[in-house]
Novice: 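Got a structure for you, questions after.
For ligands, and for the atoms within them, numbers begin at 1 and follow the listed sequence.
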Amino acid sequence: MQSIQKLGVFDSGLGGLTVLNEICKYNPGIDILYFGDTARVPYGARGADTITRYALQDVRFLLSGGADAIVVACGTVSAVALNALRTAHPGLPIAGVIEEACAAAARETQSGHIAVLGTQATIGNGAYLRMLAAENPRLRVTGIACPLFVPIIESGISADDPIAHLAAERYLAPLRETDADAVILGCTHYPFLRETIAGVLPNAKLIDTGSALAQNLAARLGASPAAGADTRIEYCVSDDDTGFLPIANRFLDCIHAEKVRKVSIREV
Ligand code: DGL
């Protein structure tokens, strides 16, 4: 199997850190270049062409920084632009976050009814629906767009804040009246609000995309990350880094982020 020297991981902002955290947990000694496109977050409220253009630019930046494989740590880009990325970079190992999460949800559900929470772009695109149907055509799927979650998380509001609770209650209360028993956190930001969501849906099994992918990383990439003595991560963002480090470190438990570099993303 091909060996990866540096894994490029990207998201529109903080969300990809939930994937990064899991990657580091299951793949110690890995070398990672992380990019959060904080100047242009949120992606999920934008159209497919814009999301695809941003994603192509993000990957180009990671490749210029030495990445030789890519994890798309963003549900929105995974849903909307994965094919475009693969077409633009044939031969480059690229993994999205949707596939493993769907397989995990299909295993977990007892009722056969799965809910997918995501951005407007992700839910509108139907990628989770198609992937779950491929897992098992008899599954019933309810998609719920939760557009306020990403701005809440990016502004540093914590999971126990009443604002987070109000938004979760507004989006998710109707699910309590259904038999949906597995809920995919289909946006990589949403694990930041895991406790809030669990409070509103106490009986559902919550599935985050990062953990499922991180456990099968080499298989998903078709290439295996080289393991060094220490895990090394370089963090880059596209806007002033105010807020990134404290919010990141509140969430990261495998790794501690000490500095972040502001970079400019070239238009392509
Ligand atoms: N974290 C991303 C996702 O998984 C993007 C959210 C956004 O920028 O709207 O969908």
Side-chain angles (χ1 to χ4, degrees), residues 8-23 34-59 62 70-82 84-85 94-102 104-105 115-129 131 143-157 159 164 167-168 171 183-194 196-197 206-214 235-239 243-244 247-248 251-252 265:
V9 177
F10 77 97
D11 177 50
S12 59
L14 290 159
L17 298 174
T18 67
V19 181
L20 183 75
N21 203 42
E22 298 296 320
I23 290 176
Y34 181 88
F35 175 63
D37 195 4
T38 50
R40 303 189 292 195
V41 66
Y43 282 11
R46 302 182 197 277
D49 288 352
T50 305
I51 294 166
T52 303
R53 180 161 50 86
Y54 288 177
L56 287 164
Q57 292 166 352
D58 299 344
V59 168
L62 291 170
I70 303 291
V71 165
V72 180
C74 173
T76 305
V77 173
S78 300
V80 172
L82 201 57
L85 294 177
I94 303 179
V97 288
I98 293 180
E99 231 167 337
E100 292 297 336
C102 289
V116 181
L117 316 184
T119 65
Q120 297 106 303
T122 299
I123 299 304
N125 168 282
Y128 276 95
L129 202 66
M131 191 63 73
I144 302 180
C146 308
L148 285 176
F149 282 179
V150 169
I152 284 174
I153 293 158
E154 288 285 333
S155 55
I157 292 171
Y171 293 133
V183 175
I184 298 178
L185 306 182
C187 166
T188 56
H189 276 75
Y190 296 177
F192 279 91
L193 297 182
R194 173 178 271 274
T196 325
I197 295 167
L206 303 184
I207 293 157
D208 65 70
T209 55
S211 161
L213 171 67
Y235 297 93
C236 296
V237 291
S238 52
D239 202 357
F244 183 87
I247 300 172
F251 187 85
L252 295 168
I265 294 298

Novice: Got Tyr235 and Leu17 here, is their nearest side-chain heavy-atom distance under 4.5 Å?
Specialist: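 Side-chain contact under 4.5 Å: yes.
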Novice: Quick one, Ile51 and Val77 - any side-chain contact, counting heavy atoms below 4.5 Å?
Specialist: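 Yes, at least one pair of side-chain atoms sits under 4.5 Å.
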Novice: Parallel under 30°, tilted from 30 to 60°, perpendicular over 60°: which one fits the rings of Phe192 and Phe251?
Specialist: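 Tilted, since the angle between the ring planes falls between 30° and 60°.
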Novice: What are the two closest heavy atoms between Ile207 and Ala101, and how far apart are they?
Specialist: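 Ile207 and Ala101 have their closest heavy atoms at CG2-O, 4.0 Å.
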Novice: Looking only at protein heavy atoms, which one is nearest to atom 7 (C) of ligand 1, and how far off is it?
Specialist: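 The closest heavy atom on the protein side is Tyr43 N, 3.3 Å.
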Novice: Considering only heavy atoms of Thr76, which atoms of ligand 1 have at least one such atom less than 4.0 Å away?
Specialist: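 Within the 4.0 Å cut-off of Thr76, ligand 1 contributes 3 (C), 4 (O), 5 (C), 10 (O).
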Novice: Which of the atoms of ligand 1 are close to Gly75, meaning less than 4.0 Å from one of its heavy atoms?
Specialist: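 So the answer, numbered in order with elements, is 3 (C), 4 (O), 10 (O).
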Novice: By number and element, which atoms of ligand 1 are closer than 4.0 Å to a non-hydrogen atom of Cys187?
Specialist: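 Here the atoms of ligand 1 in question are 1 (N), 2 (C), 3 (C), 4 (O), 6 (C), 10 (O).
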Novice: Answer whether the closest heavy-atom distance between the side chains of Thr119 and Tyr43 falls below 4.5 Å.
Specialist: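 A side-chain contact under 4.5 Å is absent here.
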Novice: Once you restrict to heavy atoms under 4.0 Å, what part of Val150 touches ligand 1? Side chain, backbone, both or neither.
Specialist: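 Under 4.0 Å from ligand 1, Val150 contributes side-chain atoms alone.
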Novice: Students should be able to answer this: which protein heavy-atom is nearest to atom 9 (O) of ligand 1, and at what distance?
Specialist: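 Its nearest protein heavy-atom neighbour is Gly44 N, 2.8 Å.
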Novice: Ignoring angles and geometry beyond distance, decide whether Thr119 reaches within less than 3.5 Å of ligand 1 through its nitrogen or oxygen atoms.
Specialist: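 N/O-N/O distance below 3.5 Å does not exist for this pair.
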Novice: Any idea which atoms of ligand 1 are less than 4.0 Å away from a heavy-atom of Val41?
Specialist: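 Answer for ligand 1: 8 (O).
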Novice: Test side chain to side chain contact (heavy atoms under 4.5 Å, CB included) on Tyr190 and Cys146; report intermediate values, then the result.
Specialist: CA-CA 10 Å; Tyr190 296 177; Cys146 308; 3.6 Å; yes
Novice: Quick check: closest heavy atoms across Val150 and Pro42, and the distance to 0.1 Å?
Specialist: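 Shortest heavy-atom separation between Val150 and Pro42 comes out as CG1-CB, 4.1 Å.
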Novice: Measure the distance from atom 2 (C) of ligand 1 to every protein heavy atom, then report the residue, atom name and distance (to 0.1 Å) of the closest one.
Specialist: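 Result: Asp11 OD1, 3.2 Å.
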Novice: Could you measure the distance from the OG1 atom of Thr209 to the CG atom of Leu185? Nearest 0.5 Å is fine.
Specialist: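 Here the interatomic distance stands at 7.5 Å.
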Novice: To which protein heavy atom is atom 1 (N) of ligand 1 closest, and what is the distance rounded to 0.1 Å?
Specialist: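 Looking only at protein heavy atoms, the one closest to atom 1 (N) of ligand 1 is His189 ND1, 2.7 Å.
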Novice: For atom 5 (C) of ligand 1, what is the closest protein heavy atom, and at what distance to 0.1 Å?
Specialist: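 Checking every protein heavy atom, the shortest distance to atom 5 (C) of ligand 1 gives Ser12 OG, 3.3 Å.
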